[in-house]
Amino acid sequence: MFTTQSNAQQQQQQQAESANGGLIATLNDDSFRPGDTIIVNGTVEEQQRQDGSYVAIEVRDPQGKMVEYGSAPVTADNNTFTYRFIAGEQQQQQEQIDSNEPMITSGNYTMVVRYFPQPNDESMMEQVEFFFEYDAIEEGMTVGGTSTSDDYDADIQG
């Protein structure tokens with residue numbers, strides 16, 4: 001069976017490692033649109049990890065507003081973590097309802113992944129950063145009576 005994949009379907013994973021190598025994280029792509037699943041996962045150094053260690057994820061839009069904040073536990077068996085959310089959907093946190101701004105602005109977003117190997121000691125925290133592009137306008141969406149699809153050409157006459 002022969003299959004092909006367009007450039008739009010190929011993912012450009014990003015990988016980052018903290019300064020001393022205790023945290024290695026991977027982001028599943030470098031560009032997202034509304035409805036895409038954004039996944040960050042990785043591994044942590046076993047020597048530092050204690051029970052209850054976790055990874056915190058913070059995403060900020062181009063204006064610096066927090067659009068996503070969450071945490072993921074580090075598994076005890078293989079020192080891994082995974083965190084996922086849907087681009088453009090308002091996330092409902094159990095502790096803080098609507099604490100995040102929605103992802104409505106197109107542009108460059110920043111994701112910071114922080115690893116806390118000892119839950120009550122922030123001095124050992126490690127972090128990595130990712131930068132990704134977000135296109136808030138969905139293909140073919142209509143805004144104010146004007147189509148936003150790529151094949152739309154408008155002649156504005158005065």
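Just so it is clear, the model here is predicted, and its values are computed rather than measured.
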Thr110 OG1 to Phe130 CZ distance, which is reported to the nearest 0.5 Å: 12.0 Å

Over all atoms of both residues, closest heavy-atom pair of Val67 and Pro102: CG1-O, 3.8 Å

Donor-acceptor contact present, side-chain Ser106 to main-chain Ala136, <3.5 Å: yes

Check: Val55 main-chain N/O paired with Ser71 side-chain donor or acceptor under 3.5 Å: no

Heavy-atom nearest pair, Asn28 first then Gln13, reads O-CG, 3.8 Å

Looking only at heavy atoms, what is the nearest atom pair of Pro117 and Ser53, with distance? O-CB, 3.3 Å

If you apply the rule side-chain hydrogen bond (donor to acceptor under 3.5 Å, both in side chains), what do you find for Thr80 with Thr43, and how did you get there? CA-CA 4 Å; Thr80 62; Thr43 59; over 6 Å; no

Gln14 side chain vs Phe131 backbone, donor-acceptor pair below 3.5 Å: yes

Side chain to side chain contact (heavy atoms under 4.5 Å, CB included) between Phe132 and Met111, intermediate numbers included: CA-CA 8 Å; Phe132 64 88; Met111 175 185 284; 4.2 Å; yes

With a 3.5 Å distance limit and no angle check, can you tell me whether Asp29 reaches the backbone of Gln12 through a side-chain donor-acceptor pair? yes

Taking the inter-plane angle between the rings of Tyr134 and Tyr109 on a 0 to 90° scale, is it parallel (under 30°), tilted (30 to 60°) or perpendicular (over 60°)? perpendicular

Rounded to the nearest 0.5 Å, how far apart are CG of Asp30 and CG of Asn108? 10.5 Å

Going from OG1 on Thr37 to CZ on Phe32, what distance comes out if it is rounded to the nearest 0.5 angstrom? 9.0 Å

Using side-chain heavy atoms (C-beta onward) and a distance below 4.5 Å, is Tyr83 in contact with Glu68? yes

Rounding to 0.5 Å, atoms CD (Glu17) and CD (Gln15) come to a distance of 7.5 Å

To the nearest 0.5 Å, atom CG of Asn79 lies from atom CD1 of Ile24 at 11.5 Å

First locate atom CG of Asp36, then atom CE of Met103, and finally report the distance between them rounded to the nearest 0.5 Å. 9.0 Å

Taking the side chain as C-beta and beyond, is there a heavy-atom pair between Ile38 and Ile86 under 4.5 Å? no

Any Lys/Arg nitrogen of Glu58 or Arg114 sitting under 4.0 Å from an Asp/Glu carboxylate oxygen of the other? yes

Heavy-atom check, side chain of Tyr115 versus side chain of Glu45, under 4.5 Å: no

What's the verdict on side-chain hydrogen bond (donor to acceptor under 3.5 Å, both in side chains) for Ser18 and Glu126, showing C-alpha distance, side-chain angles and the deciding distance? CA-CA 6 Å; Ser18 62; Glu126 297 187 43; 2.4 Å; yes

What is the minimum heavy-atom distance between Leu23 and Val113, and which atoms define it? CD2-O, 3.7 Å

Using the rule that two of Ile, Leu, Val, Met, Phe, Trp, Tyr join whenever any of their side-chain heavy atoms come within less than 4.5 Å, decide whether Leu27 and Val44 are in one cluster. yes

